[in-house]
Undergrad: 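Sharing a structure here in structure tokens format.
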Amino acid sequence: MSIVQDAQDPAVAQDLAVIERLYRALRLTRLVEDEVARVYPTDVIKSPVHLSIGQEFISVGVCDALEPRDHVSITYRGHAAYIAKGGDLNAMIAEMYGKKAGCGQGRGGSMHLVDMKAGVIGASAVVGTSIPVATGFALAAKRKTTGGVVACFIGDGATEEGCFAESLNFAALHKLPILFVCENNGYAIHEPLAKRWATERLCERVATYGIPTTKITDGDVFAVRDAARSAVAAMRAGHGPVFLEVTCYRWREHVGPNEDFNQGYRPASEMTPWAERDEVARLAGLLPSERVAALETEITATVAAAFAFAETSPFPVSEDLYDHVYA
Amino acid sequence: MSIVQDAQDPAVAQDLAVIERLYRALRLTRLVEDEVARVYPTDVIKSPVHLSIGQEFISVGVCDALEPRDHVSITYRGHAAYIAKGGDLNAMIAEMYGKKAGCGQGRGGSMHLVDMKAGVIGASAVVGTSIPVATGFALAAKRKTTGGVVACFIGDGATEEGCFAESLNFAALHKLPILFVCENNGYAIHEPLAKRWATERLCERVATYGIPTTKITDGDVFAVRDAARSAVAAMRAGHGPVFLEVTCYRWREHVGPNEDFNQGYRPASEMTPWAERDEVARLAGLLPSERVAALETEITATVAAAFAFAETSPFPVSEDLYDHVYA
Amino acid sequence: MTTSMPEGRLLRYVDALREAVAQEMRRDGDVFVFGLDVDDHKSIQGSTAGLLEEFGPERVFTTPLSEDAMTGVAIGAAMAGMRPIHVHIRMDFLLLCMNQLVNIGAKARAMYGGSVKVPLVVRSMVGKSWGQGAQHSQGLHSMFMHVPGLKVVAPSNAHDVKGCMIAAIRDDNPVIFMEHRLLYPTEAYVPETPYEVLPGKARVVAPGDDVTLVGISNMVLECLRARELLAEIGIGAEVIDPIWLTPLDIDTIVESARRTRRLVVADNGWTACGAGAEIVAAVLERVGPEGGIAVKRIGFAATACPPSPVLEAAFYPNPGTVASTVHALVRPTAPAWTPDPERTKLAHQVQFRGPF
Amino acid sequence: MTTSMPEGRLLRYVDALREAVAQEMRRDGDVFVFGLDVDDHKSIQGSTAGLLEEFGPERVFTTPLSEDAMTGVAIGAAMAGMRPIHVHIRMDFLLLCMNQLVNIGAKARAMYGGSVKVPLVVRSMVGKSWGQGAQHSQGLHSMFMHVPGLKVVAPSNAHDVKGCMIAAIRDDNPVIFMEHRLLYPTEAYVPETPYEVLPGKARVVAPGDDVTLVGISNMVLECLRARELLAEIGIGAEVIDPIWLTPLDIDTIVESARRTRRLVVADNGWTACGAGAEIVAAVLERVGPEGGIAVKRIGFAATACPPSPVLEAAFYPNPGTVASTVHALVRPTAPAWTPDPERTKLAHQVQFRGPF
Ligand SMILES: Cc1ncc(C[n+]2csc(CCOP(=O)(O)OP(=O)(O)O)c2C)c(N)n1
Ligand SMILES: Cc1ncc(C[n+]2csc(CCOP(=O)(O)OP(=O)(O)O)c2C)c(N)n1
Ligand SMILES: [Mg+2]
Ligand SMILES: [Mg+2]
């Protein structure tokens, strides 16, 4: 990209701000998840974790196109989107630690992050379940004319659930402001697409509902952001849902902190191209190195503070057990 | 069609046999349902009935391509397919009368016809539910290498259920011998497509699973038969599922024996073109009139016998209540 | 009814239901009604009649045949601040909605640490008679009673259906609203102004000293008829309508059963792990063996509902089977007694004829 | 165990389960295993390990994430003469399958007048601990116990899991097979040759005279530990494992409860309309007030399962809560007693550590 070549140009200055914003979100997510992976073996997090490492560029690209009044719907692999949408980091880590100050008061865990203030719809651990719920938020946005839109993140596996087709049809029929973002990492747990999809003609299929689709295969955060921005503009103009399929790769095991190329179900070579074009590293390279260093200090401190907050904050007590069963 | 112009030509003789076979099935179905409608106000049938009148050509055309080892999966609007596949007529009418000799021993009713001997899979009154079940029969046919295929009849409404998409994907992935036949009569109860479908690009959507599709809009029983025959040939050759969408029109009310154009939700003019090209009447015109008369005598007798059988056959007794709860 | 002075007009159940929804929709612009066929000319047996005309297609609309996703849509819209009423013409179809209702609807508030609420009403009708058959007849309330986070209500008369619907709409939790097809034409005095029949209070519908007879949904009417028949042979049955099944007012039932020392629950569903099992178990946990309470559950026969009239009649409990069960419990040594079948028919059922 | 002489090898639950399936697949070519991830290297915690290698991908295969349709596929294949085993790594996901299981699987045979059978096994695992959370922890057996036409089984040890699986595969009806994650590593003596643990016979696992303690699924182990703790204070608990929940052998429980005059059911699910409600109600209907039986249900706390360790510990019943509940029932006037929490931990739970 040529946009950083001349730092005097005001247009480039603006772009630099964008790059920095994206980089900050990318780096923050990566550092948070690296830290999760680091502490995980110590058992401070007594809950299954599904890391987004390697896939952060999708959440970051999409969420950059969103405003506070918008919502994101995330999955159990939702750390990146939670952070990118501005979810409270302290509350997130505290939730993973099972603490009372967690975003779910220790009642959700890593798979059920939520931050209604930041527009993060609570996550579900039952794959696909969040799709119609997100569609319901889009219906409410339209009926209440908030001008808001919903970005609904799903995996490739979630597209196999019947509620995906049902939701697409309903959203298109009612021209709801919802952007479906499929993070296609080629696997559902250890099962590759070939064992689950009759064909890979997903975008084509979605298009038959009259929904505009874009497929991004090069792992480019800017491409994701651009697609999201035009989608958001179209949605705010009342043109109904948009679909984005973004190819990506899960660097770690399905659940847990480790790499798993020794397990035999997928070769390490699959990851190589993705590691080579890691957007976190690439965007660092697009920024002045002092800036990167300054950001690193800042982000490291933020992450450390969040883990310290989680560490020191109190557990719920057993008397809290029946809280929130009913409103 | 020119095929009846020269009755001396042996090719035409064969075609005449086909026409006669199709006509017989069409006429039989029509007469059965006319009779159902006639007796219904007398309350001998104490169960909701969903008539196929006007849509019979689809079942008749498809089932003509099937063999005894094949299965059909029918819906609550399944009288036509039940009859066309060779389901026991006496048992069908007896079932509607709630009799012990009914195909479900009076435990199914009009909405749950079944004839496992004739290859008629039991019907469900929960829309869409039969689609995966039929797919399971196709899986069994493939695994047990029976050479059999399954024809799965559904309405346009059933395509909106998530299990439809799930079943298409699975059937295509495993190349199962199943022909999905969508009888698109434009309504689910009183709700038109426009209130339920984002677009009408159904065949296009199904094709994205790698499933060959055909859409027939002219109400021609021969076109349906031809499409079914090539589908069956392809399926027997191991090429996997096929999809057929056939436009049609429901002449009577959704449930019950009457016309309902006075209800305001659809104009009588919608039916006019369909009534004009009624396949029952058209095929009668393609056959020698003596033949039609002879068939009429025969079919009338068959129908009368079935209703007489139902009428005179005994009800279950209350001691039968717990039959068949477990095998 | 404990309401001593009948207030309001004599209204049919179906009209009271519709009136409740219309009044709440007028009061609160966030309330909307959707579900298959709510906007057609049959309007769910008349229960949504006029709503489309008054409130327009943005607030009253049909859906694709997609019960699973539509339930999620309702839940999402509720979390986002609206108050959906999702309508199903048969309770059987809720089996398509279980994942959304149980895994999200019921749990959202607790699982998300109190940061959301799900003010959702799920209307569903239990079908009966005219050969509805196995899949159009189920009363599945006990499955929902099993799940913390859901509320469940089964009003048995026109007065309660209005008050319960208003309470359900105003409730900030998902409420499974169980109606019964055969109750639709039944009439009661219904006040015109909005009122709530709130969760947590059962109603002693008719007093008695020999047995506590808990009826659920339409079984309240059948119990009342059984009570009349039992009175003729000198047995006094106290009939209780729990109205709300979750939360369940067990105290009222306990109080009565302690006194009568006999508890019979007549349910509109299967008995295994059913509402009757819950009521019996909860009462006996409370009262202990000292209470000396004899118990019995009545419900659907343990099979799929058969449409053939003879079998269908045997499948359902009715005032006759309720009465003879009570009789056997009250007078265990007396010979079995069954009232004249002709006299066990309920007026509203005699009237009823299909198809529908 | 009533088996006096331990036969066979000491085998883990997971291995006994796998052995049962492999033996039946060898015996009957119509048996096949499918479901998400049955063929990957983790092989459903090892319970399907080796099957793919031995029987090939036509008989052991994963599916798309389409639980609803896959259930219908299983039902259809079963009606067509095959014997599918459909596997779910969590019971919570069965909520996606309710329509097929209840509206078709359970009813097909009756609804189609006996002309079909549905020999289907639905394996599902209850998750517990390591912050599984609200949607990976549910024991939903009571919903299935409610529905005529289904069978339900919840083996609690390696011996029974093999025999029940073989019985379930050979059964011509749909069987909901409930496993428990924490039972997988537990060991028992398991005969090598195939055998069936048939429906309809509960097992008296350990004798006692003061209370009948019915444990469901993994709660059998917890009850056994509670029994040891209770023995130390002189209370004798008879522990019963129903094994099959439908059909339920109520006679064995009745016989015991009549003798001990106290019945406590410890369940692996919520209590409202739960298996405990059924057992309590069924026993008391049989025995009547003359039996003088005191009853109590124990189960999940009535909320969504919270992952935070403190809350999770409070959510589940354990040997301590079982023991103190029993104590309160047996010695109602004595001050409350709770065993030392350290001593209430079960060996197999102490071992267990996530993630999984
Ligand atoms: C309904 C349901 N079925 C199965 C599972 C088990 N499961 C958890 S994650 C997962 C894979 C989902 O794959 P995908 O949607 O591609 O998301 P990814 O994990 O790759 O981000 C599965 C099958 C589940 N949680 N929910
Ligand atoms: C799952 C489910 N939802 C709703 C209904 C109520 N219902 C019965 S028939 C029907 C319409 C189905 O339309 P379609 O599939 O087009 O078939 P058609 O009746 O036109 O033949 C509906 C909505 C049902 N039986 N099952
Ligand atoms: Mg994936
Ligand atoms: Mg239709």
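Letters go in sequence order (proteins before strands), and every chain restarts at 1.
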Undergrad: Out of Asp39(D), Leu96(D), Leu95(D), which one racks up the most heavy-atom pairs below 4.5 Å with chain A?
TA: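 It is Asp39(D).
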
Undergrad: Hey, which residues of residues 54-68 of chain D are touching chain A, say heavy atoms under 4.5 Å apart?
TA: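 Thr62(D), Thr63(D), Pro64(D), Leu65(D), Ser66(D), Glu67(D) fall under the 4.5 Å cut-off.
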
Undergrad: Checking heavy atoms, do the side chain of Phe315(D), its backbone, both or neither come under 4.5 Å from chain A?
TA: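 It is both, since atoms from each part get that close.
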
Undergrad: Considering only heavy atoms, which portion of Ser124(A) lies under 4.5 Å from any heavy atom of chain D: side chain, backbone, both, or neither?
TA: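 Contact with chain D involves both backbone and side-chain atoms of Ser124(A).
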
Undergrad: Testing His190(A), Lys195(A), His254(A) one by one against Asp40(D) for a side-chain hydrogen bond (donor to acceptor under 3.5 Å, both in side chains), which residue passes?
TA: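 Result: among His190(A), Lys195(A), His254(A), His190(A) is the only option passing the side-chain hydrogen bond (donor to acceptor under 3.5 Å, both in side chains) with Asp40(D).
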
Undergrad: Test side chain to side chain contact (heavy atoms under 4.5 Å, CB included) on Met111(A) and His136(D) and set out the steps.
TA: CA-CA 10 Å; Met111(A) 301 198 290; His136(D) 277 57; 4.1 Å; yes

Undergrad: In terms of heavy-atom pairs under 4.5 Å, which option from Ala301(D), Gly131(D), Ala304(D), Pro307(D) contacts chain A the most?
TA: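 With the most close heavy-atom pairs to chain A, the winner is Pro307(D).
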
Undergrad: On a heavy-atom basis, which atom in Leu311(D) and which in Ser318(A) lie closest, and how many Å separate them?
TA: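 Heavy-atom minimum between the residues: CD2-CA, 4.4 Å.
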
Undergrad: Using 0.5 Å steps for rounding, measure from the CG atom of Asn262(A) to the NE2 atom of His41(D).
TA: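 That separation rounds to 8.0 Å.
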
Undergrad: So what's closer than 4.5 Å to chain A heavy atoms on Asp37(D): side chain, backbone, both or neither?
TA: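 Both parts, backbone and side chain.
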
Undergrad: Quick one: of Ala198(A), Gly108(A), Gly102(A), who has the most non-hydrogen atom pairs under 4.5 Å with chain D?
TA: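 When all of Ala198(A), Gly108(A), Gly102(A) are compared, Gly108(A) has the most.
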
Undergrad: Between Leu321(A) and chain D, with a heavy-atom cut-off of 4.5 Å, which part of the residue counts as in contact: side chain, backbone, both or neither?
TA: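 For Leu321(A), heavy atoms of backbone and side chain both lie under 4.5 Å from chain D.
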
Undergrad: In this structure, are over 12 heavy atoms from other groups packed under 6.0 Å from Glu342(D) atom CD?
TA: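 For Glu342(D), atom CD is not crowded (no more than 12 foreign heavy atoms under 6.0 Å).
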
Undergrad: Between Tyr40(A) and Trp130(D), what is the ring plane arrangement, given parallel below 30°, perpendicular above 60°, and tilted in between?
TA: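 The arrangement is perpendicular - the two ring planes meet at more than 60°.
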
Undergrad: If you count heavy-atom pairs under 4.5 Å with chain A, which of Ala134(D), Ala302(D), Gly133(D) comes out on top?
TA: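 Sorted descending by pairs with chain A, the first entry is Ala302(D).
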
Undergrad: Side chain, backbone, both or neither: which part of Val127(A) has an atom under 4.5 Å from a heavy atom of chain D?
TA: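 Side chain of Val127(A) only, per the 4.5 Å heavy-atom cut-off to chain D.
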
Undergrad: Below 4.5 Å from any heavy atom of chain D, which atoms of Gln105(A) appear? Answer side chain, backbone, both or neither.
TA: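 Only the backbone of Gln105(A) comes within 4.5 Å of chain D.
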
Undergrad: Identify the two heavy atoms, one from Phe315(A) and one from Ser308(D), that lie closest to each other, and give their separation to 0.1 Å.
TA: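 In this case the closest contact between Phe315(A) and Ser308(D) is CD2-OG, 3.9 Å.
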
Undergrad: Pick from Gln263(A), Glu191(A), Arg107(A): which one has the most heavy-atom pairs with chain D under 4.5 Å?
TA: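 Top count of heavy-atom pairs under 4.5 Å with chain D: Glu191(A).
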
Undergrad: Hey, could you give me the OG1/CD distance between Thr129(A) and Gln135(D), rounded to the nearest 0.5 Å?
TA: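 Output value for this atom pair is 6.5 Å.
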
Undergrad: For Leu193(A), is it the side chain, the backbone, both, or neither that has a heavy atom closer than 4.5 Å to a heavy atom of chain D?
TA: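 Contact with chain D involves no heavy atom of Leu193(A) at all.
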
